[in-house]
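Notes follow the structure.
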Amino acid sequence: MPSFADFDRRNYPTVDVATGYDGWAPTYEQTVMDEMDLALLARLHHPDWARVRRAADLGCGTGRTGAWLRGRGITNIDGVDMSTGMLELARTRGAHTTLARADVRDTGLPSGAYDLVISSLIDEHLPKLEPYYAEAWRLAAPGASCVMVSYHPQFMMVTGMPTHYTTASGAPVAISTELHLVSAHMSAALAAGWVLTEMVEALVDDAWLAAKPKWADLRGHPFTMAMVWTRPGQS
């Protein structure tokens, strides 16, 4: 399988996930656009958000996804993240029922308790996907959904751009970045027992180019994607 290192064109200094997101936390909300993640969630036909009673938000960050879920009427949301800086912002936002510092592959959350397990823009930090999908399966009740929003592997390969942020001094810093093909998601999720229900992709379009005019050569390329998995059974 390819490695992101094979495509990296930036060669920025690189830090681990917790260190990176602690450093990015003060400016994260100003640098992440809704088109990357929340707009994709809004395009999904599944799950039926109105029927979700309890959600696990894995890699909850500043609480963006949690707030979006609250806006769909989901009031019981447990979040975990590795970054204390991001968790502090999520607590301020107040969308989650509980928040804890934990790894998305070993959350400490209760088994079989959730109608929805959801993650946005985290898989590029996981060396392997199998532990994530196995943990999501452990958390999910029968009939539950797992929603994964990811950077599209094609975008990462074409641009050679790692997940990164700019420090207060203006220096770019990369956060440890992995590359996972769509087939890697398929293999890991299916091995855990998940069934693919839906997939949508976001393309670089006029709205993106208005904010990122230097991306003109990327017009029409996929940028992010969302995959919806279902755990068979009746809830």
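Quick note: numbers below take in every heavy atom, side chains included, and nothing from hydrogens, waters or symmetry partners. Small disclaimer: the values here were computed from a predicted structure and weren't measured. The residues of the chain are indexed from 1 along the displayed sequence.
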- Message: Evaluate Arg53 against Asp115 for salt bridge (Lys or Arg N to Asp or Glu O under 4.0 Å), listing each step before the verdict.
- Response: CA-CA 6 Å; Arg53 299 180 299 275; Asp115 307 299; 2.9 Å; yes
Side-chain touch [X]/[Y], heavy atoms, less than 4.5 angstrom:
| X | Y | value |
| --- | --- | --- |
| Trp229 | Leu190 | yes |
| Arg219 | Leu209 | yes |
| Thr166 | Thr27 | no |

Going only through I, L, V, M, F, W and Y residues with side-chain contacts under 4.5 Å, is there a path from [X] to [Y]?
| X | Y | value |
| --- | --- | --- |
| Val80 | Tyr114 | yes |
| Val204 | Val149 | yes |
| Ile118 | Leu58 | no |

- Task: Applying salt bridge (Lys or Arg N to Asp or Glu O under 4.0 Å), run through Arg93 and Glu29 and close with a yes or a no.
- Result: CA-CA 12 Å; Arg93 196 172 225 133; Glu29 290 293 328; 3.1 Å; yes
Pair [X]-[Y], side-chain donor/acceptor within less than 3.5 Å:
| X | Y | value |
| --- | --- | --- |
| Asp78 | Thr98 | yes |
| Thr19 | Asp16 | yes |
| Ser150 | Glu124 | no |
| Thr31 | Trp24 | yes |
| Tyr132 | His185 | no |

- Item | Geometric class of the Trp215/Phe155 ring pair [parallel <30°, tilted 30-60°, perpendicular >60°] |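 Taking Trp215 first and then Phe155, their aromatic rings sit tilted (interplane angle of 30° to 60°).
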For residues 170-181, run the donor-acceptor check on the side chains, cut-off 3.5 Å, and write out each pair with its distance to 0.1 Å, sequence neighbours left out.
unit_1, atom_1, unit_2, atom_2, d
Thr177, OG1, Thr163, N, 3.2
Thr177, OG1, Ile175, O, 2.6
His180, NE2, Asp123, O, 3.2
His180, NE2, Leu126, O, 2.6

- salt bridge (Lys or Arg N to Asp or Glu O under 4.0 Å) evaluation trace for Arg138 with Glu135: CA-CA 5 Å; Arg138 184 186 70 80; Glu135 176 68 355; 2.7 Å; yes
- Any residue meeting side chain to side chain contact (heavy atoms under 4.5 Å, CB included) with Arg70, in chain and number order, not counting sequence neighbours: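 Checked Arg70 against side chain to side chain contact (heavy atoms under 4.5 Å, CB included); matches are Thr75, Ile77, Ala95, Thr97.
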